[in-house]
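Heavy atoms only: backbone and side chains are in, while hydrogens, waters and symmetry mates are out.
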Amino acid sequence: MFDRNQHLSAQGLSSMKKLVRGLREFRETYFSTHRELFEQLSHKQKPRVLFITCSDSRIDPTLITQAEPGELFVIRNAGNIIPPFGATNGGEGATVEYAIHALGVEQIVVCGHSHCGAMKGLLQLGKLEEEMPLVYDWLRHAEATRRLVKENYEEYEGEELLEITIAENVLTQIENLQTYPVIHSRLYQGRLKIYGWVYHIETGEVFAYDATDHHYVSLPQIFGDDQEASGSSNGGFPSPVACELPQRFNGAAASKNGPRNQPRQQNQPRQQNQPQVGQEGSVQEWGAQELAAEFRLSPEQAERIYRGSKGR
């Protein structure tokens, strides 16, 4: 007689036994001390944040944010990808729509992470087509990220290129989110904010994108003890922030008119009159259309940079 378990490894069986022990421990400890919370959650949910991140087992949204059950509405998939509106009728779009329209979520976080296998695959997309065709098809939704990195960061490679890809992909997914009618409408009304984060597995740090300076900075740098206690002017959240990565117009995105500027290092103060597009002028002197043409960006990306450079 065929034994279904004979092909399961000892390690696999041990993992399942650990999960069962964990379930028992959860019931006997955490649940028993939070019974009132779960009673309330059984009637309704009111999450504060839509948290979009990777399926990678090394990142746990509730753990790194220390959120309680019911506080985060989570989307997880390979590469924290949100296909543009109309590109597919998958669960991501439906979940976004439900979170904003039905649950009234007013904050969205798109969180990438270091050493992301999906982004590694994106940089070697051709090799995936035969071995993992479904992964290949899924990562094609991040083609905008792949193309941007390929055409604007040619001089980077290895881990540095991967870090850049991870950070740029977060921004691409934020742009994709803005193609959804419900997102577009709430942003127009000023009822929604979107944040771009990158979580570093090896240090536990989270970096966030700063839409004004166009770089990533460590979240603890954003607000001191007083601000942390009282909440920032952004509803208790910092502005979108940054990593030790090249800026799009102060790093790898080069100008034909002059040499590339060096990437801005973390904690390095920004120079007030530093040119950002070469020797003949700064971003402040360019229009959005000129930026898009010069650096081969989408109109949305160029407009975002242009608005930020103007302080809008």
Side-chain angles (χ1 to χ4, degrees), residues 79-81 112-128 139-140 142-175 196-198 200-203 205 207-218 241-271 273-286 288 290-302 304-306 308-309:
N80 41 270
I81 293 171
H113 67 94
S114 60
H115 312 293
C116 181
M119 292 300 100
K120 290 180 182 178
L122 184 65
L123 293 174
Q124 307 174 54
L125 198 56
K127 297 181 180 179
L128 292 177
L139 291 180
R140 289 177 65 186
E143 171 62 18
T145 300
R146 190 194 69 81
R147 179 62 64 89
L148 185 148
V149 170
K150 179 182 178 181
E151 295 185 355
N152 294 279
Y153 296 94
E154 300 99 329
E155 72 275 34
Y156 294 90
E157 59 184 15
E159 287 299 315
E160 193 171 17
L161 181 61
L162 177 60
E163 287 187 0
I164 291 168
T165 305
I166 290 165
E168 289 288 359
N169 184 60
V170 167
L171 304 184
T172 298
Q173 304 318 311
I174 290 176
E175 290 168 353
W197 291 3
V198 175
H200 280 213
I201 296 171
E202 56 271 46
T203 64
E205 290 182 281
F207 297 84
Y209 182 70
D210 188 326
T212 301
D213 291 336
H214 316 301
H215 63 275
Y216 283 79
V217 298
S218 179
V241 220
C243 262
E244 297 180 50
L245 296 173
Q247 298 178 52
R248 279 182 172 164
F249 299 97
N250 196 22
S255 168
K256 295 180 296 185
N257 304 320
R260 301 173 190 270
N261 292 319
Q262 294 299 313
R264 177 186 181 277
Q265 296 299 314
Q266 182 183 343
N267 299 325
Q268 177 183 340
R270 184 173 180 178
Q271 298 179 17
N273 300 314
Q274 183 179 9
Q276 304 220 7
V277 292
Q279 296 177 339
E280 294 188 4
S282 68
V283 166
Q284 285 79 359
E285 297 171 357
W286 288 39
E290 293 170 301
L291 291 172
E294 175 69 12
F295 295 105
R296 294 168 289 182
L297 298 175
S298 70
E300 292 79 13
Q301 290 169 326
R304 183 184 68 233
I305 299 295
Y306 178 70
S309 71

**Message:** Show the nearest heavy-atom pair for residues Y153 and L148, with the distance to one decimal.
**Reply:** CE1-CD2, 3.8 Å
**Item:** Results of side-chain hydrogen bond (donor to acceptor under 3.5 Å, both in side chains) for E157 - residues two or more places apart only
**Value:** none
**Item:** Qualifying residue, where the test is side-chain hydrogen bond (donor to acceptor under 3.5 Å, both in side chains) with S114 and the options are E202, E163, H200
**Value:** E202
**Request:** Could you pull out all residues at least two apart from Q124 that satisfy side chain to side chain contact (heavy atoms under 4.5 Å, CB included)?
**Result:** K127
**Message:** For the CG atom of L139 and the CZ atom of R146, what is their distance to the nearest 0.5 Å?
**Reply:** 11.0 Å
**Message:** Please find the pair of heavy atoms, one from C116 and one from G79, that lie closest to each other, and give the distance.
**Reply:** SG-CA, 4.4 Å
**Prompt:** How many angstroms lie between atom CD of E168 and atom CG of L122, to the nearest 0.5 angstrom?
**Reply:** 12.0 Å
**Prompt:** How would you list, by chain and number, every residue that makes a side-chain hydrogen bond (donor to acceptor under 3.5 Å, both in side chains) with T145, sequence neighbours excluded?
**Reply:** N169, T172
**Prompt:** Of all heavy-atom pairs between L161 and Y156, which one has the smallest distance, and what is that distance?
**Reply:** CD2-O, 3.7 Å
**Item:** Option passing side-chain contact (heavy atoms from CB on, under 4.5 Å) with M119 (candidates I166, I164, V149)
**Value:** I166
**Partners meeting salt bridge (Lys or Arg N to Asp or Glu O under 4.0 Å) with R140 (sequence neighbours left out)** = none
